[in-house]
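Positions are given from 1 along the sequence.
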Amino acid sequence: MRCWPLLITLAACKVRDPSPIGKDPWTETFDRSRIGANYYVTGKGYEIVDGVLSAHGAHNHPLWLRKKLTHDVRVEFDCWSTEQRGDIKVELFGDGHSYDPDGGAYMASGYEVIFGGWYNQKSIIARMDEHGHDMAARMDVKVVPNKHYHWKIERRGGKVSWWIDGVSFLVYDDPHPLENTGHEYLGFNNWETDTWFDNVVITAL
C-alpha cells in the first residue's frame with residue numbers, strides 16, 4: 001500500500017522553527033497585538049498589552065521562544081511584578097515545549113531563574129528542579145511591586161551568571177551543562193502573580 005500522499009501531508013504540516021540566534025543581536029519589543037509565530041504557547045496566561053508581554057496565572061506553562069539559543073549567550077530584558085508576592089521567572093536552555101501537566105511540582109527542562117519566588121521569599125538559579133537542591137539561591141532581596149528591573153543572564157561554558165540592574169545577583173556553575181538537543185530555548189514562565197516583560201535582547205557570545 002502506498003502512503004506517499006500521507007507523508008507529503010505530514011511534511012507540509014510540520015512547523016519549522018524560525019532561524020536560530022545568529023551573530024547579530026536579536027531584539028523583541030512586543031509592539032503588536034498578538035504573540036506571534038516566534039513563540040510556542042503551552043497554555044493560557046500570556047498576552048500582549050500596550051506593547052508589553054503580560055504573564056499571569058500561567059501555572060508553569062512557559063511561553064517558549066522558538067529561536068534556538070547558542071551555547072554561550074547573553075539574554076537581557078526588562079521585567080516587573082505588580083504584586084507583593086513577586087515571583088518573576090524565566091527558563092533558560094529548556095526543550096521548547098515542556099510544561100507542568102497537572103499543577104504539581106514542575107520539573108523543568110532547563111535552568112529556572114526566579115526572582116522573589118515562594119511569596120517573595122527566595123531567588124534562585126535552579127538546574128531543572130526549582131524544588132530540589134541543585135541551585136544557587138539567596139533570600140535577602142525582595143521584589144518591589146511595580147519597580148522595573150533590567151535583567152542580564154549569561155552562560156559562558158558551564159557558568160550561568162545573573163545580574164539585576166547591573167549588579168551581580170547569582171552565579172550557578174554547572175559541571176555538566178545543559179546543552180544540545182533538548183536544551184536550546186528560552187521560556188517566559190509564570191505561576192500566578194501579575195508579571196511583565198519587555199525589551200528583550202539576545203546576543204550570541
Side-chain angles (χ1 to χ4, degrees), residues 10-56 58 60-80 88-100 106-115 125-128 130 149-164 172 174 177-190 195-205:
L10 291 174
C13 291
K14 183 175 177 59
V15 178
R16 294 183 179 180
D17 279 349
S19 58
I21 302 299
K23 62 180 181 180
D24 297 323
W26 181 83
T27 61
E28 168 68 279
T29 58
F30 300 108
D31 290 330
R32 57 185 181 277
S33 60
R34 297 183 179 181
I35 289 174
N38 275 336
Y39 295 89
Y40 177 62
V41 182
T42 64
K44 298 179 180 180
Y46 301 95
E47 61 179 333
I48 293 175
V49 180
D50 297 328
V52 183
L53 177 64
S54 167
H56 186 194
N60 282 330
H61 283 67
L63 176 68
W64 291 106
L65 176 65
R66 293 177 53 233
K67 299 178 76 71
K68 290 182 179 180
L69 304 175
T70 55
H71 184 280
D72 289 0
V73 71
R74 176 185 302 123
V75 177
E76 299 182 77
F77 52 84
D78 298 326
C79 57
W80 62 96
I88 306 170
K89 63 192 301 184
V90 299
E91 186 172 335
L92 200 64
F93 297 107
D95 63 11
H97 59 81
S98 288
Y99 58 90
D100 180 356
Y106 175 54
M107 180 62 70
S109 56
Y111 302 101
E112 292 196 88
V113 183
I114 304 175
F115 184 22
I125 302 174
R127 190 184 193 277
M128 303 179 75
E130 65 184 41
Y149 298 95
H150 183 77
W151 286 22
K152 180 174 71 172
I153 307 167
E154 288 185 358
R155 180 165 75 173
R156 296 176 183 266
K159 182 179 291 185
V160 181
S161 304
W162 176 18
W163 294 261
I164 296 180
Y172 175 79
D174 189 352
L178 301 175
E179 56 190 354
N180 301 321
T181 301
H183 304 292
E184 300 170 292
Y185 297 93
L186 166 70
F188 298 97
N189 205 356
N190 173 268
T195 57
W196 300 81
F197 301 90
D198 201 6
N199 301 319
V200 182
V201 180
I202 303 178
T203 308
L205 299 176

Q) Would you say the side-chain atoms of H61 pair up with the backbone N or O of A58, donor to acceptor, closer than 3.5 Å? A) yes

**Q.** Euclidean distance, K68 NZ relative to T181 OG1, rounded to 0.5 Å
**A.** 6.5 Å

Q: Return yes if some donor-acceptor pair links the side-chain N/O of N199 with the main-chain N/O of D78 below 3.5 Å, else return no.
A: no

Q. Just by modelled atom types, is the N60 backbone N or O under 3.5 Å from a matching donor or acceptor in the D100 side chain?
A. no

Q. If you take all heavy atoms of L178 and R155, which pair is closest and at what distance?
A. O-NH1, 2.5 Å

Q. Angle class for the F115/Y149 ring planes (parallel below 30°, perpendicular above 60°, tilted otherwise)?
A. perpendicular

**Q.** Backbone of A55 reached by a side-chain donor or acceptor of T195 within 3.5 Å
**A.** yes

Q | Check against side chain to side chain donor-acceptor pair (under 3.5 Å), Y111 and D174 | A | CA-CA 10 Å; Y111 302 101; D174 189 352; 2.6 Å; yes

Q | Whether W26 side chain and A204 backbone form a donor-acceptor pair below 3.5 Å | A | no

**Q.** Among Y106, F188, Y185, side-chain contact (heavy atoms from CB on, under 4.5 Å) partner for P62
**A.** Y106

Q) How many angstroms lie between OH in Y39 and NZ in K67, if you round to the nearest 0.5 Å? A) 10.0 Å

Q | Point-to-point distance, once rounded to the nearest 0.5 Å, from OG of S98 to OH of Y40 | A | 9.0 Å

Q. At their closest point, which heavy atom of V49 faces which heavy atom of W196, and how far apart are they?
A. CB-CZ3, 3.8 Å

Q | Donor-acceptor under 3.5 Å (D72 side chain, G157 main chain) | A | yes

Q. Roughly how far apart are I164 CD1 and W162 CH2, rounded to 0.5 Å?
A. 4.5 Å

Q | Verdict with supporting geometry, I153 and V90, side-chain contact (heavy atoms from CB on, under 4.5 Å) | A | CA-CA 10 Å; I153 307 167; V90 299; 4.0 Å; yes

Q: Measure from the side-chain N and O atoms of R32 to the backbone N and O of I35, and report whether any donor-acceptor pair falls under 3.5 Å.
A: yes

Q) Which pair of non-hydrogen atoms, one from E91 and one from A108, has the smallest distance, and what is that distance? A) OE2-CB, 3.4 Å

Q: Show the numbers, then the answer: is there a side-chain contact (heavy atoms from CB on, under 4.5 Å) between N38 and R66?
A: CA-CA 5 Å; N38 275 336; R66 293 177 53 233; 5.6 Å; no

(Q) Check E76 with K152, please: is the shortest side-chain N to carboxylate O separation under 4.0 Å? (A) no

Q: Mind checking the CG-CG spacing from L69 to L92? Nearest 0.5 Å is all I need.
A: 6.0 Å

(Q) Counting only heavy atoms not in Y46 (residues, nucleotides, ligands), do more than 12 fall under 6.0 Å from its OH? (A) yes

Q. What distance do D50 atom CG and D31 atom CG have between them, rounded to the nearest 0.5 Å?
A. 10.5 Å

